[in-house]
Amino acid sequence: YAAKADGGRHRRYTADLDTSTDEEARLGAELRTALDRGEFHLVYQPIVELPTGAVLAVESLVRWWHPDRGYVRPDVFIPVAERTGLIVELGEWILRTACLQFADWWRHGVAPYRFGVNVSARQLAEPGFVSLVAAVLAETGVHPARLIVEVTETAVFGGGAAVRAVHELTELGVEIALDDFGTGHSSLGLLQTLPVRILKVDKSFVENVTMAGRHAVIATSLIQVANGLGLVAVAEGVETAEQAAELYRLGYRRAQGYHFGRPEMAKPLSGAAALPGLPAGGPG
Ligand code: C2E
Ligand code: MG
Ligand code: MG
Ligand code: MG
């Protein structure tokens, strides 16, 4: 490592490291407080059918407004919550909150067909995670087939408990989506052994889809892989009508992104009129 030969740079490097460790410890402690104070909430983003734009599902995404820091991005605090272990408790809150919201939408006749919840590696590998999912579904009256658990390739890469959990969730009737597909380890190999039905093609492959030449090659290949294996591909991060049109031309039939709808808080439904034409009965 070059900086070892250079005292100044080495010291600076070390100082940065210390600062970030302090910062991480502070953030970790604040996350604990935030959960106790109820500073988290969920937003929901539509997943639509191409080309109609009909909403088929929503993905729940956690949000944190810190009293002093303001908005903290989940890709900043989720990794910290993973390292401190708070993700187990925070993840349970997220799962229950999303299920309660879905049950509420259902009661009001405005539920989408399915809803997705992101689950991190640590949660998935936690003993009792599948039992927790079963218990929360039972408690909220949501049918397992309504729930999509979104996991990243990295979370299941190591095999072991996480992979067992994926199999058990499938047996429960829950659907599994591989999130950020194509950015992790050994993406294609995983598809041979994991009972995954949905591939969420990462936005990095979607953003260049309208550019000429080699840029669209991966998005093109991944829809062929998905179709060949009988899986559903969802294009993530679709921001323009041009991207949506090109994705449709390539064979994509599911998309998510700012072009179709931003993640938003659920509107209060008490007193709202139910939509006509939706099946009556419980969330099952
Ligand atoms: P993800 O699961 O891949 O979520 C998609 C991310 O893309 C979200 O970022 C969403 O707001 C963003 N996005 C959606 N459409 C567009 C678009 O058209 N353009 C662009 N540039 N971005 C778009 P967000 O909410 O900041 O979340 C980032 C990541 O943090 C998520 O990636 C997920 O890995 C993690 N995360 C978010 N919520 C949760 C949660 O409840 N639990 C866990 N374990 N992780 C979560
Ligand atoms: Mg996701
Ligand atoms: Mg994703
Ligand atoms: Mg992501």
Side-chain angles (χ1 to χ4, degrees), residues 47 57 59-62 74-75 77-96 98-99 114-140 142-205 218 221-236 254 256:
I47 295 163
E59 177 180 6
S60 66
L61 296 157
V62 67
D75 31 20
F77 70 80
I78 292 285
V80 177
E82 280 235 306
R83 287 191 284 271
T84 65
L86 188 75
I87 192 66
V88 173
E89 203 179 320
L90 176 59
E92 179 173 345
W93 179 86
I94 290 168
L95 175 68
R96 180 170 287 107
C99 288
R114 287 203 169 100
F115 68 110
V117 174
N118 290 284
V119 167
S120 73
R122 174 95 177 242
Q123 272 178 285
L124 197 62
E126 180 77 7
F129 176 68
V130 178
S131 313
L132 173 73
V133 172
V136 171
L137 289 170
E139 163 198 326
T140 55
V142 174
H143 193 281
R146 303 288 172 188
L147 174 63
I148 301 167
V149 165
E150 298 198 3
V151 304
T152 61
E153 299 160 84
T154 314
V156 286
F157 179 62
V163 168
R164 275 199 303 282
V166 164
H167 283 275
E168 288 169 17
L169 285 169
T170 307
E171 284 157 26
L172 206 65
V174 170
E175 291 232 330
I176 309 293
L178 265 191
D179 208 347
D180 305 342
F181 189 74
T183 62
H185 314 273
S186 87
S187 310
L188 296 177
L190 283 173
L191 299 181
Q192 292 190 311
T193 52
L194 275 188
V196 162
R197 237 187 49 91
I198 303 167
L199 297 186
K200 301 197 75 177
V201 174
D202 192 69
K203 54 178 167 280
S204 58
F205 307 122
I218 295 179
S221 306
L222 290 181
I223 188 63
Q224 286 164 5
V225 168
N227 288 342
L229 294 173
L231 308 177
V232 176
V234 179
E236 292 194 288
R254 303 280 186 276
Q256 178 178 3

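Computed from a prediction, not measured in an experiment: that's the story for all the values here.
Contact check for I198 versus L178: no side-chain heavy atoms found under the 4.5 Å cut-off. Side-chain contact between L191 and V225: present, with at least one pair of heavy atoms (C-beta onward) separated by less than 4.5 Å. Inter-residue side-chain proximity for L190 and V156 is flagged as met; some heavy-atom pair is nearer than 4.5 Å. Side-chain contact between F115 and L147 is present, with heavy atoms from C-beta onward closer than 4.5 Å. Using a 4.5 Å heavy-atom threshold, the side chains of L229 and L199 count as separate. Looking only at side-chain heavy atoms (C-beta outward), D180 and E236 come within less than 4.5 Å of each other.
Nearest heavy-atom pair, V119 versus L124, reported as atom, atom and distance to 0.1 Å: CG1-N, 4.0 Å. Of all non-hydrogen atoms in S60 and A98, the two that sit nearest each other are OG-CB, 4.1 Å. Taking each heavy atom of F181 and F205 in turn, the nearest pair found is O-CE1, 3.3 Å.
L95 CG to F129 CZ: the interatomic distance, rounded to the nearest 0.5 Å, is 6.0 Å. Put simply, CD1 on I148 and CD on E175 are 6.0 Å apart, with the number rounded to the nearest 0.5 Å. To the nearest 0.5 Å, atom CZ of residue R254 and atom NZ of residue K200 are 12.5 Å apart. Separation of atoms CZ (R122) and CD1 (I78) is listed at 13.0 Å; rounding is to 0.5 Å.
In this view, E82 satisfies the salt bridge (Lys or Arg N to Asp or Glu O under 4.0 Å) rule with no residue, not counting sequence neighbours. Taking F77 as the reference, F40, W64 meet the ring-ring contact (aromatic ring centres under 6.0 Å, His included) condition, with sequence neighbours excluded. With sequence neighbours excluded, no residue forms a side chain to side chain donor-acceptor pair (under 3.5 Å) with E126. For the side chain to side chain donor-acceptor pair (under 3.5 Å) test, residues two or more places apart in sequence or in another chain that qualify with S204 are D202.
Among residues at least two apart or in separate chains, salt bridge (Lys or Arg N to Asp or Glu O under 4.0 Å) pairs with a member in residues 84-93 are R32-E89, E92-R96.
If you run side chain to side chain contact (heavy atoms under 4.5 Å, CB included) between N118 and each of D179, V62, V151, only D179 comes through.
A donor-acceptor distance shorter than 3.5 angstrom exists from the side chain of E153 to the backbone of G182, with no hydrogens or angles considered. Listed for the R114 side chain is a donor-acceptor partner under 3.5 Å among the backbone atoms of A145.
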Only pairs under 3.5 Å count here: list side-chain donor-acceptor contacts from residues 159-172, not counting sequence neighbours, and write none if there are none.
| from | atom 1 | to | atom 2 | distance (Å) |
| --- | --- | --- | --- | --- |
| T170 | OG1 | V166 | O | 2.8 |

